[in-house]
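Every chain is numbered from 1 and lettered A, B, ... according to where its sequence line falls, protein lines coming before strand lines. Model, not experiment: these values are computed from the prediction.
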Amino acid sequence: MQKGKKHSGNGIKWKTKFHTNPMASGTKLSRDFFIRDVLDVAPDLIGKNLVIKFPDGTVGRYIVTEVEAYRGSEDKACHAFKGRTSRTEIMFHEGGRLYIYFIYGMYWMLNIVTGKENDPQAVLIRGVENIDGPGKLTRSLGIDRSYYGEDLVTSERIWIENDGFTPIVKNGQRIGIEYAGEPWKSKPWRYYI
DNA sequence: TCAGTGATTAGG
DNA sequence: CTAATCACTGAG
């Protein structure tokens, strides 16, 4: 989708300039979307709207622009690779739940669990429109530990919507996982607009 | 380039 | 209990 071009999503025409139409409400993604393999879900999340209902009642919609896939069963870079711990517990549930963890003493990371039960996978949300960076994203949206385990399918305060926007998705290596070594650190499992 | 900052984890 | 690690960010 080019900057400034118009497209019709849910019947409402609006300009796409990497910002969402606050009046437009797309289709909420259901369980089926999330229980697929993480390598299918991750690129499909690009261009979808992350919707958050803030404590004051206002609702924000943010186009997802950058994500990374973590595939526990075969991926040394995935936190669940070594097995189930209290932190990674939620990744063993079926897709649609949130995996939140704290890192570097300052930042909460927002991940969406994917796949079937007992197949630990998750998608790290690295960026949304105008908020580039996983730590900055959670900081500015107020996402913290209280969102751990939240279900995107049933939650009243956070979910994902499809408004028909289908961007061209690029991909490349994931960031910050040198420690995982080859072949994992070179897997092209980072997806972005 | 490099320090800050604290939950989580593995290991004794 | 202890120490190492870390899906990052911002300043210099």
If each of A:Arg145 and A:Tyr104 is mapped to the nucleotide of DNA chain B with the nearest heavy atom, which maps nearer the 5' terminus, i.e. the 5' end? A:Tyr104

Are A:Arg190 and A:Glu66 close enough for a salt bridge, meaning some N to O gap below 4.0 Å? yes

NZ of A:Lys76 versus C1' of C:dA7: gap in Å, rounded? 15 Å

A:Tyr107 side chain: which of C:dT9, B:dT9, C:dA7 is closest? C:dT9

Between atom NE2 in A:His79 and atom P in B:dT9, what is the gap in whole Å? 10 Å

Rounding to an integer number of Å, can you tell me how far A:Leu124 CG sits from C:dT9 P? 9 Å

Closer than 4.0 Å, any side-chain N/O of A:Arg126 to the OP1 or OP2 of C:dC8? yes

For a side chain to side chain contact (heavy atoms under 4.5 Å, CB included) check, start with the C-alpha distance between A:Lys116 and A:Asp37, then their side-chain angles and the critical distance, and finish with the verdict. CA-CA 8 Å; A:Lys116 298 179 179 134; A:Asp37 189 88; over 6 Å; no

A:Tyr70 versus A:Glu68, side-chain donor and acceptor atoms under 3.5 Å: yes

Rounded to whole Å, CE of A:Met109 lies from C1' of B:dG6 at a distance of 14 Å

Answer yes when A:Arg126 and A:Asp132 have at least one side-chain N-carboxylate O distance shorter than 4.0 Å, and no when they do not. no

Donor-acceptor check, side chain of A:Asn111 to backbone of A:Tyr99, threshold 3.5 angstrom: yes or no? yes

Roughly, in whole Å, what's the span from CD1 in A:Ile90 to P in B:dT8? 14 Å

Any side-chain donor-acceptor pair under 3.5 Å between A:Glu150 and A:Ser155? yes

Would you call A:Tyr101 stacked on C:dA7, i.e. ring centres under 5.5 Å apart with the planes less than 30° off parallel? no

From the options B:dG4, B:dA10, C:dT9, select the nucleotide whose nearest atom is closest to the side chain of A:Met106. B:dG4

Does either side chain, that of A:Trp184 or that of A:Glu182, offer a donor lying less than 3.5 Å from an acceptor on the other one? no

A:Arg87 vs B:dT9: side-chain N/O to OP1/OP2 distance below 4.0 Å: yes

Protein-nucleotide distance (A:Tyr99, atom OH; B:dA7, atom P), rounded to Å: 15 Å

A:Ile112 atom CD1 is separated from C:dA7 atom C1', nearest whole Å, by 14 Å

For a quick check of understanding: with a heavy-atom distance under 4.0 Å over all strands, which category does A:Arg139 fall into, base, sugar-phosphate or nothing? sugar-phosphate

Consecutive-pair stems (3 or more, Watson-Crick or G-U, under 3.5 Å) for DNA chain C: B:1-4 with C:8-11, B:6-11 with C:1-6

If you only use heavy atoms from C-beta on, which nucleotide in C:dA7, C:dT9, B:dA7 is closest to the side chain of A:Phe102? B:dA7

Indicate syn or anti for C:dA4, taking the glycosidic torsion and treating anything within 90° of 0 as syn. anti

A:Ser86 side chain N/O closer than 4.0 Å to the phosphate oxygens (OP1, OP2) of B:dT9? yes

Between A:Tyr148 (OH) and B:dT8 (P), how many Å, whole number? 9 Å

Closer than 4.0 Å, any side-chain N/O of A:Lys136 to the OP1 or OP2 of C:dG10? yes

If only atom types and distance count, is the side chain of A:Gln121 paired as donor or acceptor with the main-chain N or O of A:Val38 below 3.5 Å? yes

Using the side-chain heavy atoms of A:Tyr70, tell me which of these nucleotides is nearest: C:dA7, B:dA10, C:dC8. C:dA7

